[in-house]
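The block underneath contains the structure these notes are about, expressed in structure tokens.
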Amino acid sequence: NTANYSDACSLLYRLNVISEIFHDPLKFREIEFREDYMLGQYHSHFSSFISQLKSYQTFLTYNPHDQRIGTLEKQLEDYQSYIRESKAQIAILKQDYELAGSRFFRDSVLFAQRIMTPADYEQSKAEMLKQKFSYQNAVTGLAGTRIIVNNLEQQANEQKILKTESENRLLATLKEKYDNLKNQLIGWEQSFVLKTPVSGQITFNNFWSVNQFVTTGDIVFTVVPLEE
């Protein structure tokens, strides 16, 4: 047994305590472990678990997906504000275009009756076309902005999916490292710890000295339950 008994037992107890956190992974932010455990041959499994735990904690604290999502959502907020302003502007431009159209219609009648001069008629037509162009240009611009918004929303959703996939992958790897370490320590306990399931009085059948080897199957002591 190359592991320190107290360290191995303490770590195994700690692992059992944090097992429920896998159902609420955000709590891993606050989890800390000593790194001076003397675990002998099991230290590599402990180091692997600690390394993965730190990677997951770093992801929870800072990850590029959150930064990118924040940037995209800020852009979406700005574009949504721009769309609201554009709609109000388009409503005004539409009224101007309709008024110019009505005015041009009346001027067309007057021109047909030879009451309006060609110069005035052309000016009325030009004003109508100008209002029409402004209105249609604003509508086209709004459509283009909506396309941009749809693309930004898609990018934000993709980043959220990537974040979830990355987090799930890191958490799955952490659970794997956790299970490996815990199983190793359970194996250590089964191999090196003399443990009785009942309380009682210990009776040694032979004389045992410190650091004497015990092989599988040896009877080291017997336990007489307290009730007897």
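Hydrogens, waters and symmetry mates are skipped; everything else that's a heavy atom, side chains included, is used.
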Pairs touching residues 129-152 that satisfy side chain to side chain donor-acceptor pair (under 3.5 Å), sequence neighbours left out:
E127-Q131
Qualifying salt bridge (charged side-chain N to carboxylate O under 4.0 Å, His left out) pairs with a residue from residues 16-26, counting only residues at least two apart or across chains
D24-K27
Under a 4.0 Å threshold between the charged nitrogen and the carboxylate oxygen, would K160 count as salt-bridged to E73?
yes
Within the supplied structure, the quantity of interest is the number of heavy atoms (other residues, nucleotides, ligands) at a distance under 6.0 Å from Q123 CD; does it exceed 12?
no
Does a sphere of radius 6.0 Å around CZ in F133 hold more than 12 heavy atoms from other residues, nucleotides or ligands, not counting ones at 6.0 Å or beyond?
no
Over all atoms of both residues, closest heavy-atom pair of N4 and D7
OD1-N, 2.9 Å
Indicate, with yes or no, if L12 and F192 share a hydrophobic cluster defined by side-chain heavy-atom contacts under 4.5 Å among Ile, Leu, Val, Met, Phe, Trp and Tyr.
yes
With sequence neighbours left out, write down each residue that passes salt bridge (Lys or Arg N to Asp or Glu O under 4.0 Å) with E165, or none if nothing qualifies.
none
Scan for ring pair (Phe, Tyr, Trp, His ring centres under 6.0 Å) pairs involving residues 208-227, sequence neighbours excluded, and state none if there are none.
F204-F221
Pairs satisfying salt bridge (charged side-chain N to carboxylate O under 4.0 Å, His left out), at least one member in residues 99-125, at least two apart:
none
Going by the rule side chain to side chain contact (heavy atoms under 4.5 Å, CB included), which residues pair with L181 if we only count those two or more places apart in sequence or in a different chain?
L11, L15, H45, F46, F49, L185
All pairs passing salt bridge (charged side-chain N to carboxylate O under 4.0 Å, His left out) where residues 76-92 contributes a residue, at least two apart
K74-D78
Salt bridge (charged side-chain N to carboxylate O under 4.0 Å, His left out): which pairs involve residues 177-198, sequence neighbours left out?
K175-D179, E189-K195
Within a radius of less than 6.0 Å around CD1 of I219, do more than 12 heavy atoms belonging to other residues, nucleotides or ligands occur?
no
Indicate, with yes or no, if L162 and I69 share a hydrophobic cluster defined by side-chain heavy-atom contacts under 4.5 Å among Ile, Leu, Val, Met, Phe, Trp and Tyr.
no
Calculate, to the nearest 0.5 Å, the distance between atoms CD and OG1 belonging to Q201 and T222 respectively.
9.5 Å
ring-ring contact (aromatic ring centres under 6.0 Å, His included) involving F59 - partner list, sequence neighbours excluded:
none
Take atom CZ of F22 as the centre, draw a 6.0 Å sphere, and report whether it contains more than 12 heavy atoms from other residues, nucleotides or ligands.
yes
Could you tell me which residues satisfy side chain to side chain contact (heavy atoms under 4.5 Å, CB included) with S44, sequence neighbours excluded, listed by chain and number?
none
Taking only residues two or more places apart in sequence or in another chain, which ones pass ring-ring contact (aromatic ring centres under 6.0 Å, His included) with Y79?
none
Straight-line distance of Q52 CD to E176 CD, nearest 0.5 Å:
9.0 Å
Taking side chain as C-beta onward, heavy atoms only, is L174 less than 4.5 Å from F28?
yes
Who are the side chain to side chain contact (heavy atoms under 4.5 Å, CB included) partners of E35, not counting sequence neighbours?
I50, K54
Is the number of heavy atoms from other residues, nucleotides or ligands under 6.0 Å of E32 CD greater than 12?
no
Determine whether more than 12 heavy atoms belonging to other residues, nucleotides or ligands lie under 6.0 Å from atom CD of E158.
yes
Kindly compute the distance separating OG (S102) from OH (Y97), expressed to the nearest 0.5 Å.
10.0 Å
